[in-house]
Amino acid sequence: MPEALIEETKPSDRESSRLAALYSIGILDTPAEPAYDAITRLAADYFEADSAIIAFADETRVWVKSHCGEALRELPRANSIFDMVLTADGPLVIADIRRHPQFQRQKVHLRTQNVVFIAATPVHADGSIVGMLTILRRQSRDVLQENELRTLQNLATMVSSQLELHKLRTDSKRQRTRPSRTASEVPASPSWPRNSDLRRAIDRREFVLHYQPVVELKSLRIVGLEALIRWQHPERGLLSPVDFIPVAEDCGLILPIGDWGLAEACNQIQAWTRENPENGSLRVCVNLSARQFSREGLTDHVESLLQQSGTSSHQLGLEMTESSLIPNMNTATEVLEGLRALGVAISMDDFGTGYSSLSYLHSFPIDVLKIDRSFVGRMTDGDHPLQIVRTIIELARVLGMDVVAEGIETSEQYQLLHQMGCRFGQGYLFARPMPAEQVNTLLQLPGRVLPHSHTLQQNAVAYMA
Ligand code: C2E
Ligand code: MG
Ligand code: MG
């Protein structure tokens, strides 16, 4: 351990900006996030540690926000591990604390019994260190390998992401509660479509599915498709799901619309497989809304649809967002397990945007994480979104899940994701959502591999759009 790591921390500008960040982020009144518990649990599991701790610090104290394993209470800040992390301005790994000079001089406060191995890495907010993620073991072990250290840092980045989300939530809540100044600033409530419009559209079969390819980033091979619904309105033209799905959800018509979508997707899978048996390896994913998900007998319904259309379960995937799962976690787990037992793949859509994205990952049987396109879109804007994406990829790797990055629009995003080990992607760079007939053309490409020139062409189109 280099001596420099254990020098006393001097009061500095860095310290005052650290404290400013700590207060501005409102950490002092943050409710205990289940996400922190998920992170400490993950860290303890991954490193086979006796305990893992997320702690924050103010001028005088280090307080434990979440722990897995032995509980640590509040500690004095002076000469704490946190101070050592601050001084190191980076991760700190001590293979055997008993041989550590600072420990021998009785300076490090460790209120836990018999700890031998310590690895701690800073948690940042607004560019300053505000806390740390620490793992503790009673037995010594080798210093961390490079990939292990990266995992620890990635988990600490997830804590930072939760802090940032908390800040965003607080800010947006503040904005929402601000009274509007004039009546004209209040947006008119959208009166279209009404329930009767949707009902008529169902009767007149005006809904259509478009499909967007999902590609393996290494080979540009099409491995699957996401089914995305549109409303082919006789006067208004082709309408986006965001214009009618929320209304359909509210009035319950999402159930017949969703049933139609699932059946249509299964029939399309069959048609593509008939055309070319090799298309049997494609997985077509259908989006499920919260109401569809919480419907009684969903698993039986999916099973009978698969049987009726003669579709094999591994050809179908279901995408849902965390808001569908969170309200009733126990039922959600049961339903997901039922679907999984059928052999249907489950994707967590828009991952990273939810409140407690991390807390359920352990308990839910999920096969695929889809990184929300807002992160992919901001990846080249700065370190933080990039770190979040990196962390999600790493987390998925640890949990044995596949990752699909959504909304890839530029070659730069593609290269970065590929380098970071993301296996799959979808976005305008490769192909926009398109009618089934146009997909046929792409499926006829040798090996279903998109040529690079196609990708570049799509890229140009994406920029022009
Ligand atoms: P989603 O499931 O996250 O779908 C991805 C959305 O991103 C799609 O929007 C897709 O067109 C768009 N997208 C794909 N690549 C790019 C890109 O490179 N750049 C940009 N800017 N956008 C890209 P879309 O089709 O408008 O669908 C919006 C949402 O509507 C979907 O989000 C999904 O939540 C919902 N949805 C779509 N079809 C269905 C359905 O059949 N049932 C239900 N319940 N919801 C659906
Ligand atoms: Mg989706
Ligand atoms: Mg999505």
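Counting starts at 1 for both ligands and their atoms, in listed order.
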Donor-acceptor pair between S66 and D37 side chains, under 3.5 angstrom: yes
Heavy-atom gap R373 to ligand 1 smaller than 4.0 Å: yes
Geometric N/O contact Q212 with ligand 1, under 3.5 angstrom: yes
Sidechain-backbone polar pair: Q444 side chain, T441 backbone, donor-acceptor under 3.5 Å: no
Around the Mg ion (ligand 3), number of protein N/O/S atoms which are nearer than 2.8 Å: 4
E249 near ligand 1 by a heavy-atom separation under 4.0 Å: no
H67 side chain to G69 backbone, donor-acceptor under 3.5 Å: yes
Within-shell test, E226 vs ligand 1, heavy atom, strictly < 4.0 Å: yes
Plane angle bin for H233 and W192 - parallel if under 30°, tilted between 30 and 60°, otherwise perpendicular: perpendicular
G258 touching ligand 1 at heavy-atom level, < 4.0 angstrom: no
Closest approach of any protein heavy atom to atom 1 (P) of ligand 1, naming residue and atom: D349 OD2, 3.7 Å
Lys/Arg N to Asp/Glu carboxylate O, K370 vs E319, below 4.0 Å: yes
Sub-4.0 Å atoms of ligand 1 with respect to non-hydrogen atoms of S240: 26 (O)
Protein contact of atom 35 (C) of ligand 1 - nearest heavy atom, named by residue and atom, plus distance: P241 CB, 4.3 Å
Closest protein heavy atom (residue, atom, distance) for atom 19 (N) of ligand 1: E409 OE2, 2.5 Å
Protein residue, atom and distance nearest to atom 38 (N) of ligand 1, heavy-atom basis: I229 N, 3.0 Å
Closest protein heavy atom (residue, atom, distance) for atom 16 (C) of ligand 1: Y428 CE2, 3.3 Å
For G427, atoms of ligand 1 separated by under 4.0 Å from a heavy atom: 15 (N), 18 (O)
Q292 touching ligand 1 at heavy-atom level, < 4.0 angstrom: yes
Pick from D372, L228, L209: the one approaching atom 8 (C) of ligand 1 most closely through a non-hydrogen atom: L228
Backbone of V159 reached by a side-chain donor or acceptor of Y36 within 3.5 Å: no
Test log, rule side chain to side chain donor-acceptor pair (under 3.5 Å), inputs E226 and N287: CA-CA 8 Å; E226 177 173 6; N287 291 280; 2.8 Å; yes
Side chain to side chain donor-acceptor pair (under 3.5 Å) against S281, all qualifying residues, sequence neighbours excluded: R448
Flag: protein heavy atom within less than 4.0 Å of atom 22 (N) of ligand 1: yes
Minimum-distance protein heavy atom relative to atom 3 (O) of ligand 1: D350 OD1, 3.1 Å
Under 2.8 Å: N/O/S of S347 next to the Mg ion (ligand 2): no
Parallel, tilted or perpendicular: rings of W231 and F207 (30°, 60°): tilted
Backbone N/O of H124 and side chain of S160: donor-acceptor pair under 3.5 Å: yes
Donor-acceptor contact present, side-chain T391 to main-chain M158, <3.5 Å: no
Donor-acceptor under 3.5 Å (E406 side chain, Q426 main chain): no
Donor-acceptor pair between T380 and E412 side chains, under 3.5 angstrom: no
The Mg ion (ligand 2) - closest N/O/S atom in E226: OE2
F351/F375 aromatic ring centres below 6.0 Å: no
P433 to ligand 1, any heavy atom closer than 4.0 Å: yes
Identity and distance of the protein heavy atom lying nearest atom 46 (C) of ligand 1: N287 CB, 3.7 Å
Cationic N near anionic O, under 4.0 Å, R236 to D197: no
CA sep, side-chain torsions, deciding dist, call: E394, R397, salt bridge (charged side-chain N to carboxylate O under 4.0 Å, His left out): CA-CA 5 Å; E394 183 64 14; R397 196 186 60 76; 2.7 Å; yes
S289 neighbourhood, listing ligand 1 atoms whose heavy-atom distance to it stays under 4.0 Å: 44 (N)
